[in-house]
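Beneath this line is the structure, given in structure tokens, with notes to follow.
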Amino acid sequence: MDLNSLLLFAVACLAINLIPGPDVIYIVSNTMKGKMISGLKAATGLGVGYFVHTLAASLGLSAIILSSALAFSIVKWLGAAYLVYLGIQALISMWRGNNKIVVDGNSKPNGNVFFQGIVVSVLNPKVALFFLSFLPQFIDPLAGSTSIQLLTLGLIFCLLATLCNVLYASAGSWVFSRPNSQRYSRALEGISGVLLIGLASKVMTSDR
């Protein structure tokens, strides 16, 4: 992995994780139900769940890469197709203004917010599918240990995702209470949609 690929990966991670979605709603809801500490517990719980997905993806993808170059190419192309799908969905949502975040702050705080965050993340099949689609786009089988590359990228993703979630735990309730919150969501959807489709095109133009 070269520096440019790492920077592109970091930018893509930030853009994707800043989009308000189910994880953000979970974090902000807990912040509004209790105190900011509840939102921070939710954010760190989700982060632990992302790490579990990182380990699973690293082990699974490493086995695929070692078994067959063709198999890994197929995984990359299927992953690229899924990223295109996610990108188009994000652009359509931006165009239509479908992402209207509604956060319920009236109910009582959940019990073990941290543990629930782990469960929510680990049991979300979309997170697993995203990891399997996203990480391979930045792997170079000729650049050294693929396991180390996958683990490094996964840890970077977990760190940046958790930082974004902590930001929402700290300021999310303020963001979603503002009248222009939907404009913010639409802008990030557009950025993420373009980035996801751009990452998919990377596979098509790659010489590897």
Side-chain angles (χ1 to χ4, degrees), residues 1-25 27 43 46-47 49-51 53-54 57-58 61 72-101 121 124-140 143 146 149-168 171-172 175-176 180-208:
M1 293 180 292
D2 57 25
L3 181 59
N4 289 334
S5 295
L6 284 175
L7 289 176
L8 176 60
F9 179 78
V11 170
C13 288
L14 288 172
I16 291 165
N17 283 291
L18 282 172
I19 294 179
D23 287 357
V24 172
I25 294 175
I27 293 166
L46 290 168
Y50 301 152
F51 179 68
H53 283 293
T54 293
S58 298
L61 291 171
F72 181 59
S73 295
I74 292 173
V75 168
K76 288 192 70 173
W77 278 90
L78 290 176
Y82 182 64
L83 293 179
V84 168
Y85 168 77
L86 292 179
I88 292 174
Q89 290 292 101
L91 293 175
I92 291 174
S93 180
M94 178 203 68
W95 180 260
R96 295 179 177 175
N98 291 336
N99 193 355
K100 298 179 180 179
I101 303 297
S121 180
N124 188 343
K126 290 185 178 180
V127 176
L129 186 57
F130 177 77
F131 266 77
L132 291 173
S133 304
F134 188 60
L135 295 183
Q137 313 309 323
F138 295 90
I139 296 299
D140 182 359
T146 54
Q149 290 184 64
L150 288 165
L151 185 59
T152 300
L153 291 174
L155 290 175
I156 292 173
F157 181 92
C158 291
L159 175 62
L160 294 177
T162 301
L163 287 175
C164 291
N165 288 341
V166 167
L167 177 64
Y168 273 117
V175 170
F176 293 123
N180 62 346
S181 61
Q182 187 178 355
R183 184 182 303 175
Y184 159 81
S185 299
R186 294 178 71 178
L188 286 176
E189 283 174 333
I191 293 171
S192 181
V194 171
L195 278 173
L196 288 170
I197 294 174
L199 289 176
S201 68
K202 176 177 177 289
V203 176
M204 303 175 188
T205 59
S206 175
D207 294 330
R208 297 194 296 271

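Each side-chain hydrogen bond (donor to acceptor under 3.5 Å, both in side chains) pair with one or both residues in residues 16-25, not counting sequence neighbours, appears once here: Asp23-Tyr50.
Taking NE2 of His53 as the reference point, atom CG of Leu132 lies at 9.5 Å (rounded to 0.5 Å). Atom CG in Leu46 sits 8.0 Å away from atom OG1 in Thr162 (nearest 0.5 Å). We find the OG-CG distance between Ser192 and Leu83 to be 9.5 Å, quoted to the nearest 0.5 Å. Once rounded to the nearest 0.5 Å, the distance linking CG of Leu14 with CD1 of Ile191 reads 11.0 Å. We find the CG-CG distance between Leu86 and Leu195 to be 12.5 Å, quoted to the nearest 0.5 Å.
Closest heavy-atom contact between Phe131 and Pro136: O-CD, 3.8 Å. When all heavy atoms of Ala43 and Asn165 are compared, the pair lying nearest together is CB-CB, 3.6 Å. Between Gln137 and Lys76, the closest heavy-atom pair is NE2-O, 3.3 Å. A pairwise comparison of heavy atoms in Ile139 and Gln149 identifies CD1-CB, 3.5 Å as the closest pair.
Ring geometry for Phe130 versus Phe134: interplanar angle under 30°, hence parallel rather than tilted (30 to 60°).
Counting non-hydrogen atoms of neighbouring residues, nucleotides and ligands closer than 6.0 angstrom, the CZ atom of Phe72 exceeds 12 such neighbours.
With sequence neighbours left out, the ring-ring contact (aromatic ring centres under 6.0 Å, His included) criterion links Tyr82 to no other residue. For Ile74, the side-chain contact (heavy atoms from CB on, under 4.5 Å) partners two or more places apart in sequence, or in a different chain, are Leu70, Leu78. Residues forming a side-chain contact (heavy atoms from CB on, under 4.5 Å) with Ile156 (at least two apart in sequence, or on another chain): Leu6, Phe9, Thr152, Leu160. Listed by chain and residue number, Thr54, Leu55, Ser58, Leu155 satisfy the side-chain contact (heavy atoms from CB on, under 4.5 Å) test with Leu151 (two or more places apart in sequence, or in another chain).
Between Thr146 and Leu61, every side-chain heavy-atom pair lies at or beyond the 4.5 Å cut-off. Looking only at side-chain heavy atoms (C-beta outward), Ile88 and Ile197 come within less than 4.5 Å of each other. Counting only heavy atoms from C-beta outward, the side chains of Leu196 and Val84 never approach each other to under 4.5 Å. Here the side chains of Leu159 and Leu163 are in contact, with some heavy-atom distance below 4.5 Å.
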